[in-house]
Amino acid sequence: MFQESKRYKINRIMSDILILGIESSCDDTSASVIKNGVLLSNVTAGQAVHERYGGVVPELASRAHQQNIIPVVHEAVSEAGIDKSDLSAVAFTRGPGLLGSLMVGASFAKGFAQALDIPLIDVNHLQAHVLAHFISQGDPDEKKPAFPFLCLLVSGGNSQIILVRSYHDMKIIGQTIDDAAGEAFDKCAKVMGLPYPGGPEVDRLSQTGNPKAFKFSKPQIKEYDYSFSGLKTSFLYLLRDKVKENPAFIQENLADLCASLQDTVVDILMKKLKQAAKDLKINQVALSGGVSANSALRKTLIETGRKSGWDVYIPPFSFTTDNAAMIAMTGYFKYLNNDFCGLGEVPYARINCTL
Ligand code: KG4
């Protein structure tokens, strides 16, 4: 009986639509309230516990979600200035992500929705990253992408080019066949002895480095797909050989190594994006995911957009990294579509579904 999604009588003319979004796919526990598509709150608790391991430890992430979820939801509801009984539905990240982490958010969302007797909405994390571009903060001058558009989604776990035809119709036209772009930054940073997550550190150190100081291998992959494992290996081999000759090589060349790594990642990402925009004749291009904070990627995207006649959309950083506002926003669009789920839906770890 729990497989069935309950039929709710939704009276949209009479009432505001208030969606609670819950995100717990990796190492951020986040909750947000959105009212009629406008953000009221977005509260995120990070997990410092992973720093000493140089990456996210799944078991520790699940435990930290358990500790954080109730206070985070409580804060999101009170910051929104509402009572939980005002909520219209609960949206949660169903996947892809770390299974143990997803289960915490999914179980909480199920219990909460059932206790309030309101609909439950399952959200695909990647679709939510794309729809983050539509989160409104109430400013009438906010610019939103027009359909169809291309979204470059780059984070610690994802590197995709997504063709977005509508809120509910999206297709992954290219994706990494191995590591994600953020993972490449983080893993290369780790071998240079930089703290986790390495992406922001590489970006910061690159500011004074020469991006053409070192050359790393670039992938030859079909169509719009990506690969970053070759870059990681070529980076590792360069360090290994140079450190043999000079043990202080990394310290003496840190800025140049970071700048060259960053330049290579940006070049790989932009090449496929430019090709896709050209082939599909699309001039609306959006950026999503944690790596969109990267200064060189932003600069190159804006410059390329100017040269190619694209309209470029880069949302505020709080909406590009993992956050529940994008889950609530996607939940809002699904609510308008009467697209609810049953209590029997289970999280999925991999991208095994259409967006
Ligand atoms: O979307 P996100 O918060 O969550 C995951 O998918 O894990 O993305 C995190 C990723 C990490 O790999 C981090 O190193 C990277 O985004 N990142 C950056 C920058 N800021 C965050 N990478 C390069 N430059 C940055 N400024």
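For ligands, and for the atoms within them, numbers begin at 1 and follow the listed sequence.
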Between the candidates G97, G46, P200, which shows the shortest non-hydrogen contact distance to atom 19 (C) of ligand 1? P200
Show me which atoms of ligand 1 lie under 4.0 Å from any heavy atom of [X].
{"X": "G182", "value": "12 (O)"}
{"X": "G157", "value": "6 (O)"}
{"X": "F185", "value": "22 (N), 23 (C)"}
{"X": "A293", "value": "20 (N), 26 (N)"}

For [atom], the protein heavy atom that lies nearest, with its residue and separation:
{"atom": "atom 24 (N) of ligand 1", "value": "N294 ND2, 3.0 Å"}
{"atom": "atom 15 (C) of ligand 1", "value": "V291 CG2, 3.9 Å"}
{"atom": "atom 26 (N) of ligand 1", "value": "D203 OD2, 2.9 Å"}
{"atom": "atom 17 (N) of ligand 1", "value": "G290 O, 3.7 Å"}
{"atom": "atom 4 (O) of ligand 1", "value": "D322 OD2, 3.4 Å"}
{"atom": "atom 5 (C) of ligand 1", "value": "G156 N, 3.5 Å"}
{"atom": "atom 14 (O) of ligand 1", "value": "D186 OD1, 2.6 Å"}
{"atom": "atom 3 (O) of ligand 1", "value": "T321 OG1, 2.5 Å"}

I'd like to know if the side chain of [X] pairs up with that of [Y] as donor and acceptor (distance under 3.5 Å, no hydrogens or angles considered).
{"X": "S227", "Y": "D178", "result": "yes"}
{"X": "E23", "Y": "S25", "result": "yes"}
{"X": "Y224", "Y": "D279", "result": "yes"}

Do R204 and E201 sit within salt-bridge range, that is, some charged N less than 4.0 Å from a carboxylate O? yes
Which class fits the ring pair Y167 and F147: parallel under 30°, tilted 30 to 60°, perpendicular over 60°? perpendicular
Using the six-membered ring wherever Trp is involved, compare the ring planes of Y313 and H133 and label them parallel, tilted or perpendicular (cut-offs 30° and 60°). perpendicular
Distance-only N or O hit between ligand 1 and S155, under 3.5 Å: yes
For the 3.5 Å polar cut-off, considering only N or O atoms, please tell me whether G199 and ligand 1 meet it. yes
Are side-chain heavy atoms of P96 and N124 found at a separation under 4.5 Å? yes
Sole residue of K215, K212, K299 in salt bridge (charged side-chain N to carboxylate O under 4.0 Å, His left out) with D263: K212
Is the distance between the ring centroids of F92 and F108 under 6.0 Å? no
Taking NZ in K144 as the centre, count heavy atoms belonging to other residues, nucleotides or ligands within less than 6.0 Å. Is the count above 12? yes
